[in-house]
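Structure, as structure tokens:
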Amino acid sequence: MAVVSVPLADLPAWLEARAKALAAADLTKPLKVIRLLLISSTKSNFAGSHDPDGSAWAPLKWRKGQPLRDTGMLMASLTAGGVGSIDELTSRGLTYGSSLVYAAVQNYGATISLPERRRDKPWVFKGRDGRTVFTRRLAARTFTVPARRFLGVTDALRGRINDVLRK
């Protein structure tokens, strides 16, 4: 641990100098490491079908397989820079996520209300190859998509991020 002794009269100037130094700091290298930690955490969540805290995702109701893995686009947008990827790194900040329309619905869950005219038409779900996987008529006016959190920072990950920033 380092100790700095600053006379009380000099404290405002010392703090101002430290604030300027911090504002000018280039955090690109640690932010690149933090981005890798986020990607690794997200991959782990998809592989294990669980929230960042380890809670299992709600099981699927209408098809077999792992949740959120039907086309692979959501995971690719978060881990491989695929379509919908949000990955912006500057010397002062990192933005990481997905811009896919359904990403927020899957991460946070939602109750979706269908317009009257839409309930009469079947929903068609297609696989990776473009072929219809299944068709389903939705008789209900509303249905709930459970939250399946794939993004998030746990206390353990926050600790690793703090370790990176301290170096």
(Q) Check this for me, if you would: do Arg166 and Asp163 make a salt bridge, where the nitrogen-to-carboxylate-oxygen distance has to be below 4.0 angstrom? (A) yes

Q: Could you pull out the closest heavy-atom pair between Pro52 and Arg149, with the gap in Å?
A: CD-O, 3.4 Å

Q.
So, taking the atom named CD in Gln106 and the one named CG in Leu68, what distance separates them when rounded to the nearest 0.5 Å?
A. 5.0 Å

Q: Among Leu94, Thr95, Leu38, find the one that has a side-chain contact (heavy atoms from CB on, under 4.5 Å) with Asp87.
A: Leu94

Q) Same cluster or not: are Leu151 and Ile86 linked, directly or through other Ile, Leu, Val, Met, Phe, Trp or Tyr residues, by side-chain heavy atoms under 4.5 angstrom apart? A) no

Q. Does any non-hydrogen side-chain atom of Leu36 lie less than 4.5 Å from one of Ser40?
A. no

Q. Can you check whether Arg92's main-chain N or O pairs, donor with acceptor, with Thr90's side chain at less than 3.5 Å?
A. yes

Q: Take Phe150 and Asp51 through the side-chain contact (heavy atoms from CB on, under 4.5 Å) test and state the conclusion after the steps.
A: CA-CA 6 Å; Phe150 47 84; Asp51 289 357; over 6 Å; no

Q: Find the distance between CG (Leu157) and OG1 (Thr154) and round it off to the nearest 0.5 Å.
A: 5.0 Å

Q: Over all heavy atoms of both residues, which pair between Leu165 and Pro30 is shortest? Give the atoms and the distance, please.
A: CD2-CB, 4.1 Å

Q. Are Leu11 and Val4 connected, step by step, through hydrophobic side chains (Ile, Leu, Val, Met, Phe, Trp, Tyr) whose heavy atoms are closer than 4.5 Å?
A. yes

**Q.** Polar side-chain atom of Ser98 near backbone of Ala103 as donor-acceptor pair, under 3.5 Å
**A.** no

**Q.** Verdict with reasoning, Val145 to Tyr102, per side-chain contact (heavy atoms from CB on, under 4.5 Å)
**A.** CA-CA 11 Å; Val145 177; Tyr102 56 89; over 6 Å; no

Q) Do Ile39 and Leu78 have side-chain heavy atoms sitting under 4.5 Å apart? A) no

**Q.** Gly65 versus Leu60, closest heavy-atom pair with distance
**A.** O-CD1, 3.2 Å

(Q) Is there a path of hydrophobic side-chain contacts, each under 4.5 Å between heavy atoms of I/L/V/M/F/W/Y residues, joining Tyr108 to Ile112? (A) no

Q: Is it possible for you to say whether Leu37 and Phe46 belong to one hydrophobic cluster, with membership spreading through side-chain heavy-atom contacts below 4.5 Å?
A: yes

Q.
Looking at every non-hydrogen atom in both residues, tell me the closest pair between Val105 and Ala110 and how far apart they are.
A. CG1-CB, 3.9 Å

Q | Minimum heavy-atom distance between Met73 and Leu100, given as atom pair plus value | A | O-CD1, 3.7 Å

(Q) Test your reading of the model: is there a side-chain donor-acceptor pair from Arg35 to the backbone of Leu89, 3.5 Å cut-off? (A) no

(Q) Between Arg63 and Asp70, is the side-chain contact (heavy atoms from CB on, under 4.5 Å) condition met? List the steps. (A) CA-CA 9 Å; Arg63 68 172 177 82; Asp70 57 337; 3.1 Å; yes

**Q.** Full working for side-chain contact (heavy atoms from CB on, under 4.5 Å) between Ser49 and Arg148
**A.** CA-CA 8 Å; Ser49 296; Arg148 294 183 176 103; over 6 Å; no

Q. Do Tyr96 and Ile34 have side-chain heavy atoms sitting under 4.5 Å apart?
A. no

